[in-house]
Amino acid sequence: DAGVIQSPRHEVTEMGQEVTLRCKPISGHDYLFWYRQTMMRGLELLIYFNNNVPIDDSGMPEDRFSAKMPNASFSTLKIQPSEPRDSAVYFCASSSRIRDRAYNEQFFGPGTRLTVL
Amino acid sequence: QQQVKQSPQSLIVQKGGIPIINCAYENTAFDYFPWYQQFPGKGPALLIAIRPDVSEKKEGRFTISFNKSAKQFSLHIMDSQPGDSATYFCAASMMFSGGYNKLIFGAGTRLAVHP
């Protein structure tokens, strides 16, 4: 398996533009997570899906952020309109529920470095 | 109560040294404590993890020490190598119904191992 795939790896855009980040989770995984990493706030969970359904989006910073998972192999995180303070590295991660296991490892993608000018 | 406090922020050691990274938590509902390693330009990857009913776990040169009463845990890297230079995150996890682990990350420690 190629692991979690994210695209693009780097995105530079101007304030006010729409940005769409993409993620392909590991095949067979039924949980998908979007994280944001910044120097100031570290790694923050934005939203997670279970079986393509959004379960907890309490970490999404504002209504400008939205996430979808139309099928088990694809998810998007959209920012509209983007602002300079959205500049960060955005990670997608996936995991698989293993019954009776204490910890189900989350596998992270390589991230998308977003710069909003 | 959801926070995980990690220190130091950065650490420099010589090759062969034993860097130690410390973490503390408040919420006793956490039931698993993983450490993630992140190299520049890469996503975090699970390095080693421990359950609260165990005081120590070793995997190769990496050891977690866990003190449940103090709500503290630490990562020790024996015989550190330049290839260990990375950012290390401690985390605390609690299992929710349905098999979902919510991860709360520490702020990270940037480790540099000099040859």
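These numbers were taken from a predicted model, which means no experiment stands behind them. Labels below follow one simple rule: chain letters A, B, ... track the order of the sequence lines, proteins then strands, and each chain is numbered from 1.
The environment of Lys42(B) atom NZ is sparse: at most 12 non-hydrogen atoms of other residues, nucleotides or ligands sit within 6.0 angstrom. Environment of CD in Glu59(B): crowded, with over 12 heavy atoms of neighbouring residues, nucleotides or ligands closer than 6.0 Å. Around atom CD of Gln81(B), more than 12 heavy atoms belonging to other residues, nucleotides or ligands sit under 6.0 Å away. The number of heavy-atom neighbours closer than 6.0 Å to CZ of Arg61(B), taken from other residues, nucleotides and ligands shown, is above 12. Few gaps surround CG on Asp53(B); more than 12 heavy atoms of other groups in view lie less than 6.0 Å from it.
Between Glu105(A) and Tyr36(B) the shortest side-chain heavy-atom distance falls below 4.5 Å. For the pair Gln37(A)/Phe105(B), no side-chain contact is recorded, criterion being any heavy-atom separation below 4.5 Å from C-beta on. Between Phe91(A) and Pro44(B), the closest side-chain pair of non-hydrogen atoms falls below 4.5 Å.
Here CZ of Phe107(A) is found 7.5 Å from CG of Leu46(B). Values are rounded to the nearest 0.5 Å. Considering CZ of Phe33(A) and CG of Leu103(B), their distance stands at 7.5 Å, rounded to 0.5 Å.
For Arg9(A), the part lying under 4.5 angstrom from a heavy atom of chain B is the side chain only.
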